[in-house]
Amino acid sequence: MAVKIDKKIKGYSVLTPEDKAREAAPPVQAESITRAKAEAELPKADIIHMHERIERPEVLVGSTYKIKSPLVEHAMYVTINDIVLNAGTEHELRRPFEIFINSKSMEHFQWIVALTRIMSAVFRKGGDVTFLVDEMKAVFDPRGGYFKAGGVYMPSLVAELGAIVEEHMKSIGLIHDPEMSDHQRAILAEKRKQYEDRAKKNSEVSPSIVSSPAPAGEDARRAEGGASSSASTNIPGASEDIAVTGDGASFPPSATLCHKCSTKALVIMDGCATCLNCGYSKCG
């Protein structure tokens, strides 16, 4: 049958028998499915995260740290136990679960028990628990702080507990400590070497200072002796040397406190305050 086309042809398509059969078939209504059901059917990895419904296992892995503070008579022993999640898989995690503090000193017993119970509850709650470190290290004792071995300043006993929790979290990978680059390490090593060389040079120069002949009289000799001793002591770095201050750290005894790393390692070099521990410099 011929069909006459009066209009302009803009496009065409060829219908096959399969297309005609598909058009003649009744429409099939698709089954509706909810979003929650679709998400539930998706494959999921069985990764366990820390939350408050996790029950305490029979055995926990822990570490014990010792605190010897001048504020208390007896040492304190801090034990932090960790729970291992997803053990034996690529998603294995180690998270703090509870904390205990033991000591012979009973004067701080009440607040120590309260603090450890609250911290343990925060650990079991899950989520980001690293905020405890900043909160505890910011606590200051109105009676004043103290210096640990190595010249590290602790503003309070609670702050040292926070430092121990920070050290433990770093050991289990919960806190990542930004390390200095090779360039910064090289500059810091150069600064330390310059200070050591200067101290050694000044110590060699100071014995060569010879006082002028003493005038007659006992009083004059005493006066001259005092003047010569004061002159030798006024020489910067004349008798100073690098000394080990604890924890394997060696800093000058006259170093002052660095506000950045809280370590007594701040010295004056070329008229500028420079820290020999973290590399901080007041001059930039």
Side-chain angles (χ1 to χ4, degrees), residues 65-71 133-134 136-167 170-171 175-211 225-284:
Y65 304 86
K66 180 180 179 180
I67 294 180
K68 191 65 180 75
S69 170
L71 301 181
V133 173
D134 297 330
M136 296 178 68
K137 291 176 68 176
V139 176
F140 291 85
D141 192 334
R143 297 175 297 177
Y146 56 92
F147 285 95
K148 288 176 56 181
V152 181
Y153 179 74
M154 287 296 158
S156 64
L157 186 59
V158 177
E160 186 165 0
L161 291 175
I164 287 180
V165 174
E166 180 182 25
E167 179 183 352
K170 287 179 180 179
S171 66
I175 294 180
H176 301 282
D177 191 13
E179 298 182 356
M180 289 188 296
S181 62
D182 295 337
H183 179 66
Q184 290 175 328
R185 293 181 184 274
I187 293 178
L188 187 59
E190 182 181 358
K191 292 290 185 182
R192 290 175 66 95
K193 187 176 184 303
Q194 290 177 2
Y195 191 87
E196 292 175 2
D197 294 342
R198 189 185 69 177
K200 187 182 297 183
K201 181 179 178 181
N202 291 337
S203 63
E204 293 175 354
V205 171
S206 57
S208 63
I209 299 178
V210 180
S211 59
S228 61
S229 61
S230 62
S232 61
T233 55
N234 287 335
I235 299 176
S239 59
E240 185 175 16
D241 198 0
I242 301 298
V244 176
T245 56
D247 291 347
S250 55
F251 303 114
S254 63
T256 57
L257 183 67
C258 174
H259 71 277
K260 184 177 181 181
C261 63
S262 299
T263 305
K264 288 187 66 175
L266 197 67
V267 297
I268 303 298
M269 295 186 62
D270 300 329
C272 184
T274 304
C275 180
L276 300 178
N277 182 57
C278 66
Y280 163 77
S281 177
K282 188 175 181 180
C283 302

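Since we're looking at a predicted model, the values are computed, not measured. Count residues from 1 along the sequence.
- Listed by chain and number, the residues in a side chain to side chain contact (heavy atoms under 4.5 Å, CB included) with Ile67 are Ser69, Met76, Val78, Leu157, Glu160, Leu161, Ile164 (sequence neighbours excluded).
- The shortest heavy-atom contact between Met154 and Ala163 is CE-CB, 3.8 Å.
- Heavy-atom minimum distance, Ser156 versus Tyr146: O-OH, 3.8 Å.
- Here the closest heavy-atom approach between residue Phe140 and residue Pro155 is recorded as CD2-CB, 3.2 Å.
- Looking at residues two or more places apart in sequence or on another chain, you find a salt bridge (Lys or Arg N to Asp or Glu O under 4.0 Å) between Lys170 and Glu166, Asp177.
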